[in-house]
Every structure is written in structure tokens, then in C-alpha cells.
Asks: 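Okay, here's the structure, questions in a sec.
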Amino acid sequence: MVERFGCDDAADLLLDVATGAATGADRDQVLQHADSCVICRTELADLAAVADGLLPLVPHREPPADFTEYVLDRIASSERPMSLVDERRRRRAPRVLAYAAALLLVAALGGGLVWWRTGTDRSVAADYRGALTAGNGKYIRAGQVLSEDGVQVGRVFAYQGDPSWLLLTVTSAPRDGTYSVHMYTKAGSQKDVGQCVVVDGACTLGVTIGDVNAGEIRVVRLECPVGTRLTASFAEPPAR
Amino acid sequence: MVTGVEVSDEALLAGMAAGDQEAAGVFVRRFKARVYGLAIAIVGLSTEAEEIAQDTFLRAWRYAGAYDPRRGSVATWLLTITRNASVDVLRIRREVPVDPGSLLAALSLSYDGGTEQLADALRLRSALAEIPREQATSVVLSVFFGLTAAEIASRDGIPLGTAKTRIRSGLLRLRDKLGVTDG
Ligand SMILES: [Zn+2]
């Protein structure tokens, strides 16, 4: 059915998708079609840009005085600290602390290839900004690692500093195995980054990226011999 | 990276994606009035509006890494989250908004939102007041209140094709007004 979904079908629903009113299956079908049809994609982007442009016109209203504090409390309690027990539950997404620890570790080593497994180091409690300072960091980019069906299976960080490096943390890969990791730049060049051995769905790879600018990385792909492919891309642009 | 005076929206989001709560604090303070204002405009002044605003920031915190700059600014991304959460509440209430007119009036007002009165926003405001009323109303009903063309047709007792034309022509006219002057 999806294959037969053409421009006429899309045109029927496109307006609702552009305004944000469409939900569920309708929306998915149109977006899927727009993915491969430049005409509908352009039309959709065009209308959606106008529609979205209206949202900021609403008058601002200050929420109650304790709003910020309350939101930050909720944010803080949405993470639980790592514990020894977590080691048995590696499939679960690692906590922020794990990233901070990994970032610090990679920065501290300052070069070479680093293998590091999330959840083994519970003692590093410093903030990741410590890593930035320690490494004369300029900025860090963060993004998601997605499986072929678009499910988030890990996180990616690229750090522009001295040295610059890339950190991949996969927590729920669909298949165990040795994944080869390739980095593609916006200019179109490809660089082999190394390998990530996925055990129980998890692996972490930290690696310096030489003279490649962290801001120039377009995508990082992890491929395992049986064909499973994971894709890491970033939220842009890099923080300055 | 989050202590500077001129930290960009994108930088704050990157910090949040990396788990930086301090970045989240700056982010919330920067956007709370916009997010809360939009929630109130859609669901009305209520505890629900505050919950929607809170949930919006929680979602932004969780999905900061999923932000795609090709699809628009951070502010637009965040307000889209707010709009979707607000529309979800409306759908649960099963209420059909009776008065898109007051929101339309507020949108067209030359409102002083601080330093961010971008040229595009100013043009959109005046354009909303200039296009045919039924087009502007249909656009507001769909973009803010999440009504599909079919729902607008049944609400206004008009054929589906007419509802679609109103929304589409409205959006295209707004776009044309934006394109007239170079930005
Ligand atoms: Zn098409």
C-alpha cells in the first residue's frame, strides 16, 4: 500500500501535515512519500515554513515565578545516578554521568584509540565541561545513533579541540558483532575510524579524528558483516 | 560553554543533549515566556497550560539530540513541541475552539516582544490582518488548534474543498507577503 502512495494521495493530506494538524498514519505516509519525491517535499517544506512561522507571533506570557525551578527539578530527577546494579542492565540507556566520564577519559588520554565501556567507571563525577576546559575545547556536538528502522540505539559526540575526537556510545544495537566505523565529512570524504565490538547490544568507541574538523562530520556509519547498519548524525550547528 | 553572554540557542541545545543542566536552566529562562504564551493561547489560562509548558521543556531536554536545524530554528522546533502538546490536550477535551478570532487578533497586534521583532514576524503580523478573514481564521484553526481541513469543513459547514482552499490560499498569501520585500 505504501508503495502505491503517490503524489495525488500526498496532495490530499499534505496540507494537514504542513499545518501540523495531521497525525499518525496520514502524517507518516506523506513524510515517507516526501522523502523520495522532491516536488511534494518542496511543497510541504514551503507551506510548513509559513505555518511554523506563525507560532512565535503569539504574545509572550511569563509563567508563575517558580516555573524554572520546578522544570529544572523535573529535569534533574529524570536521571537516576548510576549504580553497581546498572552493570547487569547494560541494555538500558546509560546515564549522563557515563557520558561525562567517557568524555573526560577520552580527553585526558589526549590521543590514540580508546576503548571504554559505559558503566565500568563510577568514580568520575566531574562535569563534562571539565573535559572541554582540560582539552582547550572549542565546542562539542551531540547527536543520536539510529538503527535502520530509526530507533535510537545510542549517542554520538564530536569534540572540536586539541585534539579533536569522536565518541560513540551504543547501548541497544539490534545485533551483536564487530562493527566497522566510518566517518563521512560534509565535503564528501570518508575516513575509517576503527571498530566497535558490540556485546549485549552495547559498545563505546572514543577516537581522535586527526585533522578532521568536528564541525565537518556529516555522518558516522557503523556496519557489521551481516549487514546491520547503524547511523550516527548530529544536531547542528556546533556550539560555539 | 554555557556561561557566556551570547550563547546561541543551538549551543544550549547541544549542551542539553550532552546532559548539561546548567544549559537547560539558561534555555528554560530564555524560552519560558514564549512557550507558556503559546500554551495559554491554545488551551487557555489554566494549570494545563503550565503543565504543557513544563512538559515541553522536559521533551526538549530528552530529545535535544534529535533537533534538526534544516527544519527550522530552535525556537520554531520548541514551539512546535508546545503546539503539539497543546493540541493533544484539546483533543482529549474534545473541545472545538469557538473563538479563533481572539487569537487572530492577538497575532495581528503589533506586539512588542522585546528585542526579537524580526522583520519576518512583523510582516507576518500585518499580512494576517490583510488576507481575507476566512482564510486567516482557517489558518489559525489548523496551525494553532490542530484542526484538519475536514474538521474545519464540518465546523464551518463548508465543503472540504473550500476548507482546503482557504487554508492553502491563506498560507500561500502569507508566504507571498513574506517574499515581497527582501529580508
Ligand atoms: Zn509527490
Side-chain angles (χ1 to χ4, degrees), chain A residues 12-13 15-16 18-23 26 45-64 67-68 70-72 74-76 78-79 95-97 99-100 103 127-129 132 137 139-144 152 155-157 233-240, chain B residues 1 8 10-11 13-15 17-21 24-25 28-29 32-34 36-38 40-41 50 53-54 57-58 61-62 64-69 72 75-76 79-80 83-84 87 103 106-107 109 111 113 120-121 124-125 139 142-144 146-149 164 167-168 171 174-175 178:
Chain A
D12 218 31
L13 299 166
L15 200 55
D16 286 339
T19 59
T23 50
D26 286 351
D46 215 28
L47 293 172
V50 184
D52 291 345
L54 293 170
L55 298 177
L57 300 189
V58 171
H60 302 187
R61 296 283 293 266
E62 277 302 327
F67 180 83
T68 304
Y70 197 78
V71 170
L72 293 178
R74 284 185 66 187
I75 283 175
S78 70
E79 312 151 3
R95 299 298 149 203
V96 167
L97 186 58
Y99 299 130
L103 294 171
D127 190 81
Y128 82 98
R129 266 171 290 133
L132 294 181
Y139 58 78
I140 190 162
R141 301 169 77 199
Q144 299 183 323
Q152 186 185 350
R155 302 298 303 270
V156 61
F157 296 92
S233 53
F234 297 91
E236 300 215 33
R240 264 189 282 280
Chain B
M1 127 186 179
S8 72
E10 292 81 8
L13 213 51
D20 183 347
Q21 296 186 14
V28 173
R29 285 181 199 99
K32 61 181 177 168
R34 273 175 271 186
Y36 188 57
L38 180 57
I40 286 182
E50 198 184 337
Q54 286 175 15
F57 286 110
L58 258 287
W61 167 256
R62 280 189 200 127
Y67 164 68
D68 182 349
T76 300
L79 292 177
T80 308
R83 188 265 318 274
N84 294 345
V87 167
L103 177 54
L107 294 174
L109 268 182
Y111 157 77
D120 272 359
L124 264 181
R125 282 188 203 288
V139 166
S142 57
V143 172
F144 289 92
L147 263 62
T148 62
K164 281 186 177 176
I167 302 169
R168 195 184 150 76
L171 288 175
L174 292 175
R175 186 200 60 184
L178 285 180

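Since we're looking at a predicted model, the values are computed, not measured. Order of the sequence lines fixes the chain letters, A, B, ..., with proteins taken first and strands second; residue numbering starts at 1 for each chain. Values below: all heavy atoms of this structure, side chains included; hydrogens, waters and symmetry mates excluded.
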Asks: Give me the ring orientation class for F57(B) and F67(A): parallel if the planes are under 30° apart, tilted from 30 to 60°, perpendicular past 60°.
Replies: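 Judged by the thresholds at 30° and 60°, the geometry between F57(B) and F67(A) is perpendicular.
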
Asks: Please classify the contact between V87(B) and chain A as side chain, backbone, both or neither, with a heavy-atom cut-off of under 4.5 Å.
Replies: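 No part of it gets close to chain A.
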
Asks: For R83(B), is it the side chain, the backbone, both, or neither that has a heavy atom closer than 4.5 Å to a heavy atom of chain A?
Replies: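 Only the side chain of R83(B) comes within 4.5 Å of chain A.
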
Asks: Below 4.5 Å from any heavy atom of chain B, which atoms of L54(A) appear? Answer side chain, backbone, both or neither.
Replies: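 Interface part for L54(A): both.
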
Asks: Is the side chain of K32(B) donor-acceptor paired with the backbone N or O of A53(B) at a distance under 3.5 Å, no angle test?
Replies: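 Absent.
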
Asks: Tell me every residue that passes side chain to side chain donor-acceptor pair (under 3.5 Å) with S142(B), counting only those two or more places apart in sequence or in another chain.
Replies: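 Once residues adjacent in sequence are excluded, S142(B) has no partner under the side chain to side chain donor-acceptor pair (under 3.5 Å) criterion.
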
Asks: For chain A, which of L124(B), L13(B), V28(B), T148(B) has the most heavy-atom pairs under 4.5 Å?
Replies: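 Greatest number of close heavy-atom pairs with chain A: T148(B).
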
Asks: Please report the interatomic distance CG(D52(A)) to OG1(T76(B)), rounded to the nearest 0.5 Å.
Replies: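 Nearest 0.5 Å value for the CG-OG1 distance: 6.0 Å.
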
Asks: Suppose we screen for side chain to side chain donor-acceptor pair (under 3.5 Å). Which residues come up paired with N84(B), at least two apart in sequence or across chains?
Replies: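 If we apply the side chain to side chain donor-acceptor pair (under 3.5 Å) test to N84(B), skipping adjacent residues, there are no hits.
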
Asks: What part of I40(B) gets within 4.5 angstrom of chain A, counting heavy atoms only: side chain, backbone, both, or neither?
Replies: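 Just its side chain gets close to chain A.
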
Asks: What part of L103(B) gets within 4.5 angstrom of chain A, counting heavy atoms only: side chain, backbone, both, or neither?
Replies: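 The side chain, not the backbone.
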
Asks: Among G53(A), P64(A), A21(A), single out the residue with the greatest number of heavy-atom pairs under 4.5 Å to chain B.
Replies: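 The answer is A21(A).
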
Asks: Measure the spacing between CG of L57(A) and CZ of R34(B) and express it to the nearest 0.5 Å.
Replies: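 Between L57(A) CG and R34(B) CZ, I get 12.0 Å after rounding to 0.5 Å.
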
